[in-house]
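In the text below, chain A, chain B and the rest are named by the order of the sequence lines, each starting its count at 1.
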2 protein chains.
Amino acid sequence: MQDTPNRPYHHGDLRRAIIETALEMLRAEANWQFTLREVARRAGVSHAAPYKHFPDKAALLAELAMIGFDRLREALMKAKPEASRSLLEEITPIARAYVAFGTDNPALYRLMFSAEEGRAVGMHLNERALAVFEVVLEMLGSGQAAGNIRKRPIRGQAAAVWSLIHGMTMLAIDGLLVPEKVGSAPLDAALSTLVEGLEIPQPNT
Amino acid sequence: MQDTPNRPYHHGDLRRAIIETALEMLRAEANWQFTLREVARRAGVSHAAPYKHFPDKAALLAELAMIGFDRLREALMKAKPEASRSLLEEITPIARAYVAFGTDNPALYRLMFSAEEGRAVGMHLNERALAVFEVVLEMLGSGQAAGNIRKRPIRGQAAAVWSLIHGMTMLAIDGLLVPEKVGSAPLDAALSTLVEGLEIPQPNT
DNA sequence: ATACATTGTTGACACTGGCTACTTTGCTAT
DNA sequence: ATAGCAAAGTAGCCAGTGTCAACAATGTAT
């Protein structure tokens, strides 16, 4: 914990330090090509040290992606309001938190959704990704039960919600749409349109 | 065109050949890290030959991205039906063509939306990207004029449409959602939800 | 105290990739 | 014919990167 200036050996918890350094770099630079050596450099250890904690580069990458999904899910849960009168009121803070996570961690977000070699990793990732997806499913399910949302197949509606938010996040990361000075205006506008497709239409439209 | 086995010098139209080779590779392999040397290899020329036609790697990349946007726009225009009774009928083939373009050219599509160093390239790309965006704007504009679409700020609706389709395309490329055996079911379902948010609600809903 | 496992360091290897001379080829214009 | 020039080839530099093997330091168990 304390940073005694000379601590050449036995860092203490290098594994965690490496992960956090990597996460920090994935947050700071939008287009960063991940290299083990640079992570080690920034963590203040030798270039081979990470191999004592991770079998290879892919393993670290996979772990980072999983942590990303976990953190994203936490951010969404935290943003979720307890009570809300309308679907728009419920979905807006969640969507904003989602997009904010993406723009705050651009490289990490891209990593999370990169298929990466083979299917093995992809399958594990899907478990975590599914947990995020389920936040959307729950919201829609309770909305349908409460009678606010049209009775349509939930998976289709969820696909619409997730695709829209994922798309906005990606576009925001890449600098098109929501170029940060516009604020969240396009986000809110798009959300309104989406919500009008989810909600049961009211007479006064 | 013909592959005369010995054609060491003066390829004829190497510039075009390089571009098409690169496009082919960007279509075939989803996760391909672009390297000039491999393009040259596959084009059957020496690894330094491309430098006679492109100042550096970034220039070729930028050109490929622009061609990508042009081809995407062409695909959308071709898919656009002349006459359509409903908004859903109009938007569905366009959206399908969009997603199909993405899944057919996964690496190219990613390249098109990667911010890439600096802003200069990004700005040029934005012109082409804007041309694609305008296909959406036109559709919404004529829909509003015809009285099929709610009178909302068009840019917000367009943001919703583009984000949703872009998001689905990305998810499809990455193997989540629309994993090719499901066909276009999730796509169509999401589109329905979106269209219901765009259209003026009918009494029999 | 001593042996051992852990965790770091150092150094090296094999490879790749972008890029830059310099040379060779072959078309074209005089 | 020949001179010139554009386009392609050859060779190589230089900077990285992932990975491994050998060595050193540190904590821990006997």
TODO: Return the nearest nucleotide to the side chain of A:Ser46; candidates are C:dT10, C:dT7, C:dA21.
DONE: C:dT10
Task: Contacts of B:Ala17 that satisfy side-chain contact (heavy atoms from CB on, under 4.5 Å) - sequence neighbours left out - done: B:His11, B:Leu14
Task: Over all atoms of both residues, closest heavy-atom pair of B:Ala172 and B:Thr103 - done: CB-CG2, 3.7 Å
Task: Stretch residues 21-28 of chain B: residues that reach within less than 4.0 Å of DNA chain C through a heavy atom - done: none
Task: Nearest-neighbour nucleotide for the B:His53 side chain, D:dT19, D:dA8, C:dG8 considered - done: D:dA8
Task: Donor-acceptor pair present, A:Lys52 side chain and C:dG8 base, under 3.5 Å - done: yes
- [ ] List in chain and number order the residues that pass side-chain contact (heavy atoms from CB on, under 4.5 Å) with A:Ala43, two or more places apart in sequence or in another chain; answer none if no residue qualifies.
- [x] A:Thr21, A:Val45
- [ ] Kindly state which residues belonging to residues 33-41 of chain A come within less than 4.0 angstrom of DNA chain C, counting heavy atoms of the residue only, listed by number.
- [x] A:Arg37
Open item on the list: Using every non-hydrogen atom in the two residues, find where A:Gly68 and A:Phe101 come nearest and quote the distance to one decimal.
Closed with: O-CZ, 3.6 Å
Open item on the list: On a heavy-atom basis, which atom in A:Gly167 and which in B:His166 lie closest, and how many Å separate them?
Closed with: O-CD2, 3.7 Å
TODO: Could you name each residue pair satisfying ring pair (Phe, Tyr, Trp, His ring centres under 6.0 Å) that touches residues 20-49 of chain B, not counting sequence neighbours?
DONE: B:Trp32-B:Phe34
Task: Distance below 4.0 Å between B:His47 side-chain N/O and C:dC19 OP1 or OP2 - done: no
- [ ] Specify the residue among B:Lys57 and A:Val45 whose closest nucleotide of DNA chain C lies further upstream toward the 5′ end.
- [x] A:Val45
Open item on the list: For residues 70-89 of chain B, which residue pairs pass the ring pair (Phe, Tyr, Trp, His ring centres under 6.0 Å) check, not counting sequence neighbours?
Closed with: none
- [ ] Could you check how far CH2 of B:Trp32 sits from C1' of C:dT16, rounded to whole Å?
- [x] 14 Å
TODO: Figure out the CZ/P separation between B:Phe54 and C:dC19, and round it to whole Å.
DONE: 13 Å
Open item on the list: Taking B:Ala59's backbone N and O only, do any of them form a donor-acceptor pair with B:Asp56's side chain (distance below 3.5 Å, no angle check)?
Closed with: yes
Task: Atom pair distance, as rounded to whole Å: OH in B:Tyr51 and P in C:dT20 - done: 7 Å
- [ ] Give a yes or no on whether the backbone of A:Leu191 and the side-chain of A:Glu196 come within a donor-acceptor separation of less than 3.5 Å.
- [x] no
